[in-house]
Amino acid sequence: MSFDYFLYKGVRFSPGSFSEEVLNFAENEFQVLDDDVYIVTYPKSGTNWMIEILSLIKEEGDPTWCNNVLIWLRSPWYETKEGQSQIKDVSRPRVLTSHLPYHIFAKSFFTSKAKIIYVMRNPKDIFVSLFHFSKIICHYKDPESFEDYLEDFLQGNLLYNSWFDHVKGWMQMRHNSNFFFITYEELKQDLRACVQRICKFIGKELDEAKIDLVVKHSSFKAMKENKMSNYSLATADFLDHTKGTFMRKGISGDWKNHFTVAQSEYFDKVYQEKMKDLNMNFFWEE
Ligand code: A3P
């Protein structure tokens with residue numbers, strides 16, 4: 001796509017799904033409810049996987065809802081124009097989605113009892129996923145080259161700005177009892193144990209058989225085959241299906257197939273520098 005990002009409080013957004021008015025509503029007027037659960041992520045961290053998991057938990061393992069209702073209608077993005085009109089049809093307890101950085105998240109959240117599940121992923125894999133995705137999705141400018149796009153990612157010159165700032169911003173909440181963070185790599189390594197932890201966090205009790213059903217129906221294979229979850233029904237002006245698919249590989253460590261040694265070392269250097277004050281180690285590798 002060819003357009004210029006605009007800034008809302010210093011954060012880059014693309015025209016179309018976003019505007020000053022829509023973002024201002026999301027930040028200042030949107031009413032968070034005490035029983036809401038928010039999936040918050042930097043794009044390509046496993047957002048839709050978490051939507052599927054939470055949809056299945058809500059339905060106690062029954063896949064009927066997932067098989068019949070589009071994923072973005074089950075858990076709309078509350079900061080987008082489309083999402084804000086879709087939310088009225090979401091039943092409580094609502095599971096809503098956001099990629100917003102901490103400093104412009106809905107103000108009403110911070111005085112509510114609502115919960116956040118923050119999904120993180122190895123940023124090298126995020127970058128590879130994003131590099132492919134930005135060629136097909138209307139919200140991102142087309143990448144010129146892997147090298148140039150890598151620099152844009154490391155400098156935060158993309159939609160929703162910097163991954164580093166996103167993580168550092170949200171990690172300020174890590175000791176709050178209504179904040180739970182989990183990595184894509186943990187989900188890949190032991191989805192069942194993760195589903196159990198998620199159930200505990202949101203206060204949902206499911207027996208072993210229902211947990212098994214959640215795990216079964218949220219697998220990469222199941223989601224790739226489910227037209228309500230695999231984005232094959234997204235309109236062509238939103239997603240160019242001729243250039244790639246949303247359910248791409250679904251693995252950890254794909255960056256090793258794309259980065260040169262020099263690019264990886266450069267990435268590590270920038271990572272060390274930008275994350276040095278956080279004092280946290282993340283579980284990235286399987
Ligand atoms: P890849 O491009 O590396 O395959 P998001 O939902 O935040 O946009 O993240 C999309 C990424 O999550 C894509 O990564 C997609 O394939 C992966 N993904 C989606 N559902 C998944 C699942 N059930 N299991 C593993 N990965 C999944």
Side-chain angles (χ1 to χ4, degrees), residues 26 30-42 45-67 69-79 83 86-100 102 105-106 108-121 166-167 170-219 222-223 226 228-229 282-283:
F30 180 73
Q31 282 307 310
V32 168
L33 305 175
D34 281 338
D35 56 351
D36 285 348
V37 174
Y38 291 81
I39 298 168
V40 180
T41 63
Y42 190 83
S45 302
T47 325
N48 287 275
W49 192 4
M50 189 54 71
I51 296 177
E52 200 79 345
I53 292 167
L54 288 174
S55 299
L56 288 159
I57 291 176
K58 191 170 173 177
E59 296 296 298
E60 309 203 336
D62 180 349
T64 310
W65 193 42
C66 291
N67 292 338
V69 179
L70 288 161
I71 192 161
W72 59 85
L73 298 181
R74 283 185 255 128
S75 185
W77 271 251
Y78 86 92
E79 71 263 28
Q86 291 155 354
I87 284 175
K88 63 179 181 332
D89 299 322
V90 178
S91 68
R92 291 175 70 174
R94 306 184 301 186
V95 174
L96 301 176
T97 306
S98 178
H99 292 314
L100 288 179
Y102 176 76
F105 199 70
S108 62
F109 172 80
F110 297 96
T111 50
S112 77
K113 295 189 179 116
K115 296 181 176 177
I116 285 182
I117 296 180
Y118 188 77
V119 187
M120 309 172 73
R121 186 181 188 186
H166 205 278
V167 169
W170 280 109
M171 283 304 113
Q172 294 174 67
M173 282 204 65
R174 68 184 186 271
H175 300 303
N176 292 37
S177 59
N178 62 343
F179 184 85
F180 175 89
F181 74 91
I182 192 158
T183 64
Y184 180 96
E185 292 74 14
E186 287 171 283
L187 293 166
K188 287 291 296 180
Q189 191 185 55
D190 191 346
L191 181 55
R192 194 171 201 286
C194 291
V195 170
Q196 285 172 319
R197 284 169 58 203
I198 294 163
C199 284
K200 187 157 181 253
F201 173 68
I202 60 173
K204 180 93 178 171
E205 276 184 32
L206 293 186
D207 64 28
E208 299 293 310
K210 286 177 177 165
I211 300 262
D212 286 340
L213 287 173
V214 174
V215 171
K216 178 178 168 202
H217 296 298
S218 61
S219 71
M223 283 184 67
N226 180 358
M228 294 295 157
S229 307
F282 300 111
F283 180 90

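Keep in mind that this is a model prediction, so the values were computed, not measured. Numbers for residues simply follow the sequence, beginning at 1.
- Under the salt bridge (charged side-chain N to carboxylate O under 4.0 Å, His left out) criterion, Glu52 pairs with Arg74, not counting sequence neighbours.
- Listed by chain and number, the residues in a side-chain hydrogen bond (donor to acceptor under 3.5 Å, both in side chains) with Gln196 amount to none (sequence neighbours excluded).
- You'll find the side chain of Cys199 reaches within 4.5 Å of the side chain of Ile57, heavy atoms only.
- Here the closest heavy-atom approach between residue Leu100 and residue His166 is recorded as O-NE2, 3.4 Å.
- Ser91 is linked by a side-chain contact (heavy atoms from CB on, under 4.5 Å) to Lys58, counting only residues two or more places apart in sequence or in another chain.
- When all heavy atoms are compared, the tightest approach of Leu191 to Ser218 is CD2-OG, 3.6 Å.
- For the atom pair CD1 of Ile198 and CG of Leu206, the computed distance is 11.0 Å after rounding to the nearest 0.5 Å.
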Pair Tyr42, Trp170 - check ring-ring contact (aromatic ring centres under 6.0 Å, His included), show working. CA-CA 10 Å; Tyr42 190 83; Trp170 280 109; over 10 Å; no
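- With sequence neighbours left out, the side-chain hydrogen bond (donor to acceptor under 3.5 Å, both in side chains) criterion links Asn67 to Asn226.
- Contacts of Asp36 classified as side-chain hydrogen bond (donor to acceptor under 3.5 Å, both in side chains), with partners at least two apart in sequence or in another chain: Tyr38, Arg94.
- Using a 4.5 Å heavy-atom threshold, the side chains of Met120 and Met171 count as touching.
- Each side-chain hydrogen bond (donor to acceptor under 3.5 Å, both in side chains) pair with one or both residues in residues 172-183, not counting sequence neighbours, appears once here: Thr183-Glu186.
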Check: residues 108-116 side-chain donor-acceptor pairs under 3.5 Å, at least two apart:
| residue | atom | partner | partner atom | Å |
| --- | --- | --- | --- | --- |
| Ser108 | OG | Phe30 | O | 2.7 |
| Ser108 | OG | Val32 | N | 3.0 |
| Thr111 | OG1 | Ser108 | O | 3.3 |
| Ser112 | OG | Phe109 | O | 2.7 |
| Ser112 | OG | Ala114 | N | 3.1 |
| Lys115 | NZ | Phe201 | O | 2.7 |

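- Partners of Lys210 by salt bridge (charged side-chain N to carboxylate O under 4.0 Å, His left out), not counting sequence neighbours, listed by chain and number: Glu60.
- Remark: Lys216 engages no residue in a side-chain contact (heavy atoms from CB on, under 4.5 Å) (not counting sequence neighbours).
- Residues Thr41 and Met50 have side chains not in contact (no heavy-atom distance under 4.5 Å, counting atoms from C-beta outward).
- With sequence neighbours excluded, the residues forming a ring pair (Phe, Tyr, Trp, His ring centres under 6.0 Å) with His99 are Trp77, Tyr160, listed by chain and number.
- Residues Met223 and Asn48 come closest through the heavy atom pair CE-O, 3.6 Å.
- In this structure, Leu56 CG and Ile51 CD1 are separated by 12.0 Å, a value rounded to the nearest 0.5 Å.
- A heavy-atom distance below 4.5 Å is not found between the side chains of Val90 and Gln86.
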When you look at Phe282 and Glu185, which way does the side chain to side chain contact (heavy atoms under 4.5 Å, CB included) test go after all the steps? CA-CA 10 Å; Phe282 300 111; Glu185 292 74 14; over 6 Å; no
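- One finds the SG atom of Cys194 at 12.0 Å from the NZ atom of Lys188 (value rounded to the nearest 0.5 Å).
- With sequence neighbours excluded, no residue forms a salt bridge (charged side-chain N to carboxylate O under 4.0 Å, His left out) with Asp34.
- When every heavy atom of Thr97 is checked against every heavy atom of Thr47, the shortest pair comes out as CG2-CG2, 3.4 Å.
- Contacts of Glu208 classified as side-chain hydrogen bond (donor to acceptor under 3.5 Å, both in side chains), with partners at least two apart in sequence or in another chain: Arg192.
- Residues Ile117 and Leu54 are in side-chain contact: their nearest non-hydrogen atoms beyond the backbone lie under 4.5 Å apart.
- Residues Val69 and Met228 come closest through the heavy atom pair O-CB, 3.5 Å.
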Could you walk me through whether Val195 and Ile53 pass side chain to side chain contact (heavy atoms under 4.5 Å, CB included), step by step? CA-CA 8 Å; Val195 170; Ile53 292 167; 4.2 Å; yes
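- The two residues Cys66 and Ser55 make their nearest non-hydrogen contact at SG-CB, 3.6 Å.
- With contacts defined as side-chain heavy-atom distances shorter than 4.5 Å, the pair Trp49/Val119 does not qualify.
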